[in-house]
Amino acid sequence: MTPQPTAGPDRAVETVFRMEFPRVVAAVARIVRDVGIAEELAQDALVAALERWPRDGVPDNPGAWLTATARHRAVDLVRRRETYARKLAEIGRDQATVTAPPEDPPGPDDIDDDLLRLVFTACHPVLSAEARTALTLRLLGGLTTAEIARAFLVPEATVAQRIVRAKRTLARRNIAFEVPYGPDREARLGSVLDVIYLIFNEGYAATAGDDWLRPALCEDALRLARVLSGLMPKEPEVHGLTALLEFQASRTAARTGPDGEPVLLADQNRARWNRMLIARGATALARADAVASGPPGPYVLQAAIAACHAHAYRYEETDWHRITALYGLLAARTPSPVIELNRAVAVSMAEGPQAALPLVDALSVEPALRDYHLLPSVRGDLLSRLGRTEEAREEFLRAADLAGNAREREMLRRRAEGAGG
């Protein structure tokens, strides 16, 4: 576990370490080819900093100091390994003249960035979604096990176990510390983007607990997306995800009321939307369009939908016809009952609730939506707009029973009371 300094020079060391931790681990993992060992060596560098910096002063480039310290220990460790000695013998080099372990030659499309390699390793599909999320937040977000546990409302021991198992799985399966290229990159990139989006969504609309928003998780995901877009500037889906998160994050201040209760999109004060984040989202979406060579991917399409909301200064000005068309493209690109439900909402706004109700009713047989609280919530809204208040009340109550988040459950019960009145 990361040492927790509390004051004075130790606090400065901790702050620097949290900022530099991902790059230190990434640099060391390239040498030792094991993220678990790389993290331990990064922790050793922190201990060295805690011993030396209060006495000698913080270096001019503290990140480079931490990385160099960890790398030196990594080289020493690898040199001691019998496998390293064999590797030296095989290539006919004298161990005494080697200053760093030999590296595999990069492929023709390889991206030479240690941090990017760490992203792809932490999000490897061989790991479960929960393990990928925990490991990504630990290695790339710099969060402690306790912080991740608090964020997802699970026991700390559960998170610790997920992280340990993830590291062991990567080591046991001998997962290469690399960025895939050629036909493998697109599939692997999808896993990376999905993990970042999952982290953001858990902060944006928490699935459980007492709070509807967890801004820290949104900030971590947005930071990861921005880093990834800088590392992979030619990937439109990376820019698409970044744009989507910028647009979504722009609404954060308006999404809750004074007591933390959820505020629906139609009722939000758009003057509280963050115009700087909206501008950043528009820039990222333009970059995605500029580097695209084919049809837009799912994150670019979702970003385009979010842009329609972001550019409407009043709810009544929203271009629902365009949003409906974009959801149609998204459904064709990545078929999903949740996407169809969102498309039905857009149809209801563009053509009226009567046009959307059959679409929602058709989704009631979808197994994936059986316990999805937003299905009866959307149906309740449509029935309410059609004047079928008693049916709407029953739907809102059913949605409240299915909702895992306390704030959302309260809101749905209030809507049921309003429909019944």
Side-chain angles (χ1 to χ4, degrees), residues 190 193-206 212-215 217-226 228-229 235-256 262-292 295-334 336 338-350 374 378:
L193 299 181
D194 289 348
V195 167
I196 295 175
Y197 192 39
L198 175 65
I199 293 169
F200 182 89
N201 276 342
E202 188 58 33
Y204 193 70
W212 198 39
L213 289 178
R214 297 180 196 149
L217 273 180
C218 292
E219 292 167 6
D220 285 327
L222 186 51
R223 179 167 53 83
L224 291 173
R226 289 170 178 168
L228 194 61
S229 65
E235 293 287 350
E237 277 291 83
V238 174
H239 294 303
L241 175 65
T242 304
L244 174 60
L245 301 195
E246 300 279 11
F247 285 134
Q248 299 286 67
S250 72
R251 307 178 204 164
T252 300
R255 294 186 71 243
T256 53
V263 178
L264 298 176
L265 182 63
D267 302 322
Q268 289 175 16
N269 177 3
R270 300 194 174 203
R272 300 189 67 196
W273 286 8
N274 188 317
R275 291 291 153 184
M276 182 189 73
L277 292 180
I278 290 174
R280 291 182 66 110
T283 299
L285 186 55
R287 287 175 181 152
D289 292 337
V291 299
Y299 285 112
V300 172
L301 289 170
Q302 289 180 78
I305 292 168
C308 291
H309 292 296
H311 296 319
Y313 284 89
R314 296 188 305 128
Y315 185 74
E316 296 75 16
E317 297 173 358
T318 307
D319 189 348
W320 289 107
H321 289 283
R322 174 165 168 73
I323 291 175
T324 299
L326 288 168
Y327 269 123
L329 293 174
L330 183 60
R333 184 76 164 78
T334 53
S336 159
V338 173
I339 292 173
E340 290 295 345
L341 181 62
N342 289 332
R343 188 175 74 86
V345 172
V347 168
S348 79
M349 300 306 299
L374 291 183
V378 168

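Computed from a predicted model, the values in this text were never measured in an experiment.
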For a side-chain contact (heavy atoms from CB on, under 4.5 Å) check, start with the C-alpha distance between L193 and L228, then their side-chain angles and the critical distance, and finish with the verdict.
CA-CA 9 Å; L193 299 181; L228 194 61; 3.7 Å; yes
Audit row: L245, R226, side-chain contact (heavy atoms from CB on, under 4.5 Å) steps and yes/no
CA-CA 10 Å; L245 301 195; R226 289 170 178 168; over 6 Å; no
Pair L330, N342 - check side-chain contact (heavy atoms from CB on, under 4.5 Å), show working.
CA-CA 10 Å; L330 183 60; N342 289 332; over 6 Å; no
Applying side-chain contact (heavy atoms from CB on, under 4.5 Å) to Y315 and Q268, what does each step give before you reach the verdict?
CA-CA 9 Å; Y315 185 74; Q268 289 175 16; over 6 Å; no
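Atom CD1 of I278 and atom CD of Q248 lie 11.0 Å apart (nearest 0.5 Å). In this structure, CD1 in I196 is found 10.5 Å from CZ in R223, a value given to the nearest 0.5 Å. The distance from the CG atom of D289 to the NE2 atom of H239 is 10.5 Å, given to the nearest 0.5 Å.
Applying the ring pair (Phe, Tyr, Trp, His ring centres under 6.0 Å) test to Y313 and every residue at least two apart in sequence or in another chain returns nothing. For R280, the salt bridge (Lys or Arg N to Asp or Glu O under 4.0 Å) test picks out E246, with sequence neighbours left out. Contacts of Y197 classified as ring pair (Phe, Tyr, Trp, His ring centres under 6.0 Å), with partners at least two apart in sequence or in another chain: Y299.
Under the 3.5 Å distance criterion, the side-chain polar atoms of T242 are matched with a main-chain donor or acceptor of A225. Between the E237 side chain and the V300 main chain, a donor and an acceptor come within less than 3.5 Å of each other. With hydrogens and angles disregarded, a donor-acceptor distance shorter than 3.5 Å links the side chain of R272 to the backbone of A253.
In the displayed structure, H311 atom NE2 is contacted under 6.0 Å by more than 12 heavy atoms of other residues, nucleotides or ligands. Environment of CZ in R322: sparse, with no more than 12 heavy atoms of neighbouring residues, nucleotides or ligands closer than 6.0 Å.
With respect to H321, the side-chain contact (heavy atoms from CB on, under 4.5 Å) criterion is satisfied by exactly one of T318, D319, T324, I323: D319.
Residues P296 and L329 fail the side-chain proximity criterion, which asks for heavy atoms closer than 4.5 Å.
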